[in-house]
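What you see is a predicted model; the values in this text were computed from it and never measured.
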Amino acid sequence: MKLNRIEIILATGIYAFAIVLIFSNQGGAWGTRDAVSLMGYATVIYGAYVAFTQWISSAFFKERKIDLGIAFTLLLFFLVWLGLTTCVWVRDYHRWGDGEFVIHLKRGESLGGALLVFLLLFVYEGIKRLIRYLQENHNTFGTRIAKESLVVLGGGALVFMMLMAIEQDLAVLWLSLVPYAYLIFALNVYGLLPLKEKRRYTFSMYLLLALGLSFVAFVPFGLFFLNVTGSAGPLYFVMWICANLTMLPLANFVYQRQKERIGQLVNLQTELGQTSAGLSFLRSQINPHFLFNILNTLYGTALQEDAERTSTGIQKLGDMMRFMLHENNQDRILLAREIEYLRNYIDLQLLRTATSPEITVECDIKDALESTYIAPMLLIPFVENAFKHGVSLNEKSWIKVSLYESDGELYFDVHNSIHRKPESDPERRHSGVGLENVKQRLVVLYPDRHELVIRETTQEYFVHLTITLQPR
């Protein structure tokens, strides 16, 4: 439902309530002229509210037609002034022909009333625009409280203005109860009810806290009402009981509805996430399998041409890609599979360095037990780093890799020469990212169960890694 429609429904309801209240007191507290005058007050204020908020503000000020908006606002002001003067004239029962109406028009009572009406209308519109701004630009807890407070104060001010024209004590009662009622509402919805669920309080414990805090909060509001109106003390407790009988069930109802909406949103997000993940997984299968088919074609072509080294390299590359696709996303894999991937990577690099006599690669990688597991891709970054920075086709280079497992302990060593890349090489800026990643993973996956020692000089680089593995 649009805000304008909600405003007109609420304003009409309050206006109808005021008319019924005035009519029911006719002949009792008020005479006929007083009742007619008060009905006139309510009608003038209601008409001014509807005309300004539903027509002038939306049709002119909102559309940047400032000059027309000001002109119609001034016209409405004079009509309100004239209407309030008529109400005062009816109350004092003067005749139209004796010139007394003009005297009432010049008096400050109706003019001050018209100014007060428009002051409150301007405040109301300002509050409404501020709420819209907060709603569009912020969504924090503080702005939510601010928006709700502005709505309560804005609506409460309009009702207070209408009640002041009817009965002062009733207006003071409204002024006392409305801020207190919202305070109790916010305290329960945003404080006590979440605390009740978090601490698992019983309903009786929650009710004791809610009533105790509400009574303490009511003291200033109740004393204000009693001092202004001079009412008796028992009315204090009647007001407190009525306010809590209304606001506590309302707060519980609103809180439960909010929980249901949040739960629905969470479920919807989960379902959307699962759907997106499923689609992403299906899409991820397409390109790798396409590449596997291409690799199989190249492998067959290399065999037909008797290119043994090329076919071997293609086969090992395919095995590495299958490992990356199917096993890299698991939490733990067999150590034997990690070792197989490591060997395939080294064999691929040897195809590149086999023709260079200045490059020496020594590998002593022992087989692992089938019951030993490790997090995937923990070892390969150190070997990648060795081939990246330790191999030069023009200078003497060496790489030594050692790996074995004994009694649940993994021992891994990489020793290589260092050949610095020139400053112009773009890869120089990305150096070390993979190693930092591995260090962080080791801390998370094997806390207090690993030892990593890295030593570096100007000519060589040494890594020693020990991991205490656990059987799955």
Exercise for review: Please check if any side-chain donor atom of S402 sits under 3.5 Å from a side-chain acceptor atom of Y411, or the reverse.
Suggested key: no
**Study point:** Any side-chain donor near an acceptor of the partner, D367 and Y404, under 3.5 Å
**Key:** no
Point to revise | Test item: W81 and L115 side chains (from C-beta on) under 4.5 Å apart, heavy atoms | key: no
Review point. Do L442 and L378 come close enough that some side-chain heavy atom pair is under 4.5 Å?
Key: yes
Practice item. Tell me, with the steps shown, if F52 and F122 meet ring-ring contact (aromatic ring centres under 6.0 Å, His included). Key: CA-CA 9 Å; F52 185 78; F122 291 147; 5.5 Å; yes
Review point. Should the ring pair H464 and F462 be called parallel, tilted or perpendicular, given that the plane angle runs from 0 to 90° and is split at 30 and 60?
Key: parallel
Exercise for review: Report the relative orientation of the aromatic rings in F72 and F60; use parallel for angles under 30°, tilted for 30 to 60°, perpendicular for over 60°.
Suggested key: parallel
Exercise for review: Applying side-chain hydrogen bond (donor to acceptor under 3.5 Å, both in side chains), run through Y180 and N244 and close with a yes or a no.
Suggested key: CA-CA 10 Å; Y180 169 72; N244 282 275; 3.3 Å; yes
Review point. Just wondering, are more than 12 heavy atoms of other shown residues or ligands nearer than 6.0 Å to CG in D67?
Key: yes
**Study point:** R200 atom CZ, over 12 foreign heavy atoms within 6.0 Å
**Key:** no
Checking the side chain of [X] only, and the main-chain atoms of [Y] only, is there a donor and an acceptor separated by less than 3.5 Å?
X: R343; Y: I365; value: yes
X: S406; Y: E409; value: no
X: E405; Y: G408; value: yes
X: N188; Y: I184; value: yes
X: R449; Y: T468; value: yes
X: Y446; Y: A375; value: yes
X: T372; Y: A368; value: no
X: E338; Y: M377; value: yes

Revision key, fill the gap. Here the pair of heavy atoms bringing Y255 nearest to P194 is OH-CA, 3.5 Å
Point to revise | Where A251 and L193 come nearest, the two heavy atoms and their spacing | key: O-CD1, 3.8 Å
